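The structure appears right after this line, and notes come after that.
These figures come from a predicted structure and were not determined experimentally. Values reported hereafter were calculated over all heavy atoms of this structure, with side chains retained and with hydrogens, waters and symmetry mates removed. Residue indices begin at 1 and follow the sequence shown.
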Amino acid sequence: MDVRYSDYSLEQLREEIGKFKEKAQKAEQLGNISEVAIYERKLQVAMAYMLNPEDFKAADIHQLNGDPGHKFKINYINGVFAWGHRVNLLDKTYENEEAIPISLLGDKVE
């Protein structure tokens, strides 16, 4: 039976995040870099479900957690994903639109 993160309680989400952190650490110790990336991505998605999507608005620009060289301009929010464009340090906006979990969005840039 498939259970979706949207059905999880905060406590269940915290447990899931803990499991992903543990698995990522084990994979890192074993040198499985691609496996580390998979668990980190799963962790970010689970963390997104602990946030309120209504706190994020179209046209807002946020710092990107884990990527100090880029900001993210939101086009729209769909569930716990922000769709938009990366913006580099020179304020150049990338062409490709992408979706990222809202947990990757840091502080709002004024």
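Between M50 and L10 there is a side-chain heavy-atom pair separated by less than 4.5 Å. In this structure the side chain of E98 reaches within 4.5 angstrom of the side chain of F72, judged on heavy atoms. Between N96 and R86, every side-chain heavy-atom pair lies at or beyond the 4.5 Å cut-off. The closest side-chain heavy-atom distance from F56 to H62 is below 4.5 Å. Residues V80 and P101 are not in side-chain contact: their nearest non-hydrogen atoms beyond the backbone lie 4.5 Å or more apart. Considering only heavy atoms from C-beta on, N65 stays 4.5 Å or farther from L105 through its side chain. Side-chain contact between M47 and I17 is present, with at least one heavy-atom pair separated by less than 4.5 Å. Proximity of F81 to I102: side-chain heavy atoms (C-beta onward) are nowhere separated by under 4.5 Å.
Note: the hydrophobic cluster containing Y39 does not contain V36 (ILVMFWY, side chain heavy atoms under 4.5 Å, direct or indirect links). Transitive grouping of hydrophobic side chains (ILVMFWY, heavy atoms separated by less than 4.5 Å) keeps I74 and I61 in distinct clusters. Y76 and V109 are not part of a single hydrophobic cluster, where members link through side-chain heavy atoms under 4.5 Å apart. A single hydrophobic cluster is seen to contain both V45 and L64, as judged by linkage of ILVMFWY side chains at heavy-atom distances under 4.5 Å, directly or through other members.
Within a 6.0 Å sphere centred on CG of N52, other residues, nucleotides and ligands contribute more than 12 heavy atoms. Remark: K57 NZ is packed, more than 12 non-hydrogen atoms of other residues, nucleotides or ligands lying under 6.0 Å away.
For K73 and D60, the salt-bridge test fails: no basic side-chain N is under 4.0 Å from an acidic carboxylate O. In summary, E22 and K19 do not engage in a salt bridge, as defined by a charged side-chain N under 4.0 Å from a carboxylate O.
Relative ring orientation between Y5 and F20 is described as perpendicular, the plane-to-plane angle rising above 60° on a 0-90° scale split at 30° and 60°.
Not a single donor-acceptor pair under 3.5 Å links the side chain of T93 to the backbone N or O of V87. No side-chain donor-acceptor contact under 3.5 Å links E35 to the backbone of N32.
In this structure, NZ in K21 is found 11.0 Å from CD in E40, a value given to the nearest 0.5 Å. The distance from the NZ atom of K23 to the NZ atom of K26 is 8.5 Å, given to the nearest 0.5 Å.
Taking every heavy atom of both residues into account, P53 and I77 meet most closely at CB-CG2, 3.9 Å.
Side-chain atoms of H85 and N75 form a donor-acceptor pair, as typed in the model, at a separation below 3.5 Å.
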